[in-house]
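Heads up, the thing below is written out as structure tokens.
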Amino acid sequence: MTNETQYTMKKNTKEQSRREFLGKASLGLAGVALFPALTLKSEMKNFPSAGNELQNNRLQNLKYNLNMVHHNPGEPPFDTKYNDPGYLLKQGFNGQIPKIFLPCAISYNSYDAELMTVGSKEYSEAVEYAKKLDRLIEAAKKEQMPLFPFTDLLVVPKSIQEKYGKEMMADKKESVESVLGGTKLTVSILQKRTEEILRAQIQAIFERFPDLDGLTTRYGETYLHEFPGYAGGSPATNPTEHIALINILREEVCVKRNKKLFYRTWGFGQFHTSPSYYLEVTNAVEPHPNLIFSIKHVQGDFVRLHPFNPCLGRGKHQQIVEISCNPAGLYGKNAHPYYIGKGVIEGWEEFAWLKSEGPALCLRDLLKCPQFVGIWTWARGDGWAGPYITNEFWVDLNIQVINQFYKEPWLSEEVLFDKVAGQRFGVGGENLKKLRDLCLLSASAVMHGQTTVHATIRDWWCRDEYFSAIDLKPVVKADKSREVLDEKVDAVRMWKEIERLAREIHLPNQVDQEFMEVSSNYGRIKFQIIEQIWKMQLLAAQSEINKSALDTGAMKKCINEYDRLWTEWRKLNSDYACCPTLYRDDVQKYCAFPPFKEVLVNYRKECKL
């Protein structure tokens, strides 16, 4: 059976499960929950009486509680307390993963003295960048915070590419990785020259920065905006290459230097998503106490309507779970409420029909798996550009609930939430109940507002701060236009309820109080705008598919409401300094479609507006 056939069969099974589930569910247009899974009170106050067993499991297995800020490529770093190793230590984290470029802070003189001659521009820039990293490492060492830098493999000076590039390439090597900002380097770790240069690079890194506690690998996506004089690309894109690369790194990092190696499976191949691929690679590598595989909790990128990753809880190696609090840059980046705690820890509402094929269905399930040894949260970043925030209220809530799970995994998500809300924000009583209701609503309102359970659409239509012209012809062809529009209406209803709850909750901190209210208002307007975009795109899709005239009367109403909402949004932004930056419809970056304004101009012309 081919991989394509297997994929088709799995997809059809999931579609059938979704249809069966939706057949039993009813849309909540009169104030009833959209799905039975959306409840405003957790069904369990404590994880069933296995407290002692789970506490022992936590003491034996959970070792790593790591945190990272992923600064937007090519932009100034985020100004956030999560950059501070002292703050992280006080919160209970025991490792920091800074996004830095170690290969750009070394010379290769021990390998080839002609590559970066002393005094050259390339050499001088590497020396200056290394001094900057010295300060970062010194700050972490002062707080006794272990550092495991996010390290791109493989990044080298262009002088290496020019001199040895052909020797590093494999014949007819297929390249699937993304390289932006610098020069693409297409190489294979199976080539002798590539292996030599990688080993020399690892040696130079630890000689220059001996206080590092280990490395976290990054491949598949290489962004060199800050280092245009370098070339980068993944040296491993198939099982054979991954096995070779892991074994080299295992020897150089774990064995020779007794440092930690967190090997990420994320990339554009199947290593991250296919259990058979994952096991083919990892079973060929001997376990080592210092070798840990890092896997996103989603079977794919940090996107809703994807199952829990079936590679987790399998194989003979240690694993940590990657969790982003700004998932893929898709869901507002904490500019408005979007609570991930319950979905990640105990499962999203869609998991009622979207089942993982792995041994775990959610983070809590992994407690029974001996492979599970820790968590890696992304506090800020993940994506590009904005929206930008000046208040980390929603970031803190998401981060701290996951952090509390690491500390007390035997407690239910609801109890964890209550502890965080009480200890971090000083919220209790009726305010606590309303804050929880708001958060649970946000998880559903965002998903149903931005995507749909009724058809397969491109998730990347609304990433970061961009509204693009989503193609909704698949919805029309599936004859699901009415269901999808009802879904959007219900999402807006939930956002109005969120907005009401935010006004009724009273937080001790008035700065957070204002931001909670403004950001909830922000979210309601955003998703009303999205509702109008979907209405317009469905009208256009119906006209195209049915080869009929555009319903200009309906389109005019949508355009007028769209314009009114943008006026309201801009006023909110001008009235409140804490309001996050707004989205844009006139440009897009790495979205699946052109900017929405491009098609809107045509709609205005057809409607003579």
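- A donor-acceptor pair is defined here as one N or O able to donate and one able to accept, closer than 3.5 Å; no such pair exists between the side chain of Q161 and the backbone of A231.
- Rounded to the nearest 0.5 angstrom, D211 CG and L147 CG are separated by 9.0 Å.
- At a threshold of 4.5 Å between non-hydrogen side-chain atoms, the residues L363 and I375 count as touching.
- Within the 6.0 Å centre-distance limit, the rings of Y64 and F262 are counted as a close aromatic pair.
- Between E195 and R199, at least one side-chain N (NZ, or NE/NH1/NH2) sits under 4.0 Å from a carboxylate O, which counts as a salt bridge.
- Each of Q319, R218, E322, R264 was evaluated against S294; a single residue qualifies, E322, per the side chain to side chain donor-acceptor pair (under 3.5 Å) test.
- Ring-centre distance between Y219 and H242: below the 6.0 Å cut-off.
- Residues Q96 and M68 have side chains not in contact (no heavy-atom distance under 4.5 Å, counting atoms from C-beta outward).
- Between K81 and D396 there is a salt bridge, since at least one side-chain N of the basic residue sits less than 4.0 Å from a carboxylate O of the acidic one.
- When atom types are taken as modelled, the side chain of T194 and the backbone of M168 share a donor-acceptor pair closer than 3.5 angstrom.
- The only option from K333, R380, R424 that meets the salt bridge (Lys or Arg N to Asp or Glu O under 4.0 Å) definition with E392 turns out to be R380.
- Outside the 6.0 Å centre-distance limit, the rings of Y406 and W376 are not counted as a close aromatic pair.
- Atom CZ of F293 is separated from atom CD1 of I320 by 11.5 Å, given to the nearest 0.5 angstrom.
- Salt-bridge check for K142 with E138: failed, with every basic side-chain N at 4.0 Å or more from each acidic carboxylate O.
- The pair D301-K296 meets the salt-bridge criterion, since a charged nitrogen lies less than 4.0 angstrom from a carboxylate oxygen.
- Taking the six-membered ring for Trp and the full ring otherwise, the centers of W394 and Y338 sit at least 6.0 Å from each other.
- Contact check for W378 versus N67: no side-chain heavy atoms found under the 4.5 Å cut-off.
- With F93 as the aromatic partner, K90 does not meet the cation-pi criteria of under 6.0 angstrom to the ring centre and within 45 degrees of the ring axis.
- If you take CD on E408 and CD on Q404, they are separated by 5.0 Å, rounding to the nearest 0.5 Å.
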- Evaluate the side chain to side chain contact (heavy atoms under 4.5 Å, CB included) criterion for residues N309 and H297: first the C-alpha distance (whole Å), next the side-chain angles of each, then the deciding distance (0.1 Å), finally the verdict. CA-CA 5 Å; N309 201 318; H297 66 91; 5.8 Å; no
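- Ring to ring, Y339 and F417 are close: their centroids are under 6.0 angstrom apart.
- The shortest side-chain heavy-atom distance between L224 and D152 does not fall under the 4.5 Å cut-off.
- Looking only at atom types and distance, the side chain of Q450 has no donor-acceptor partner in the side chain of Y331 under 3.5 Å away.
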- Task: Determine, stepwise, if the pair E128 / K132 fulfils salt bridge (charged side-chain N to carboxylate O under 4.0 Å, His left out).
- Result: CA-CA 7 Å; E128 287 305 308; K132 179 180 177 180; over 6 Å; no
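- Two rings, from Y278 and H272, have their centers 6.0 Å or more apart.
- In this model, no donor atom of one side chain and acceptor atom of the other lie less than 3.5 Å apart for E252 and Q203.
- Between Y583 and Y466, the ring centre distance reaches or exceeds 6.0 Å.
- Aromatic ring centroids of Y223 and W384 lie under 6.0 Å apart.
- Once rounded to the nearest 0.5 Å, the distance linking CD of Q144 with CG of N94 reads 13.0 Å.
- Of the possible polar contacts, none joining the N290 side chain to the V255 backbone as a donor-acceptor pair under 3.5 Å is found.
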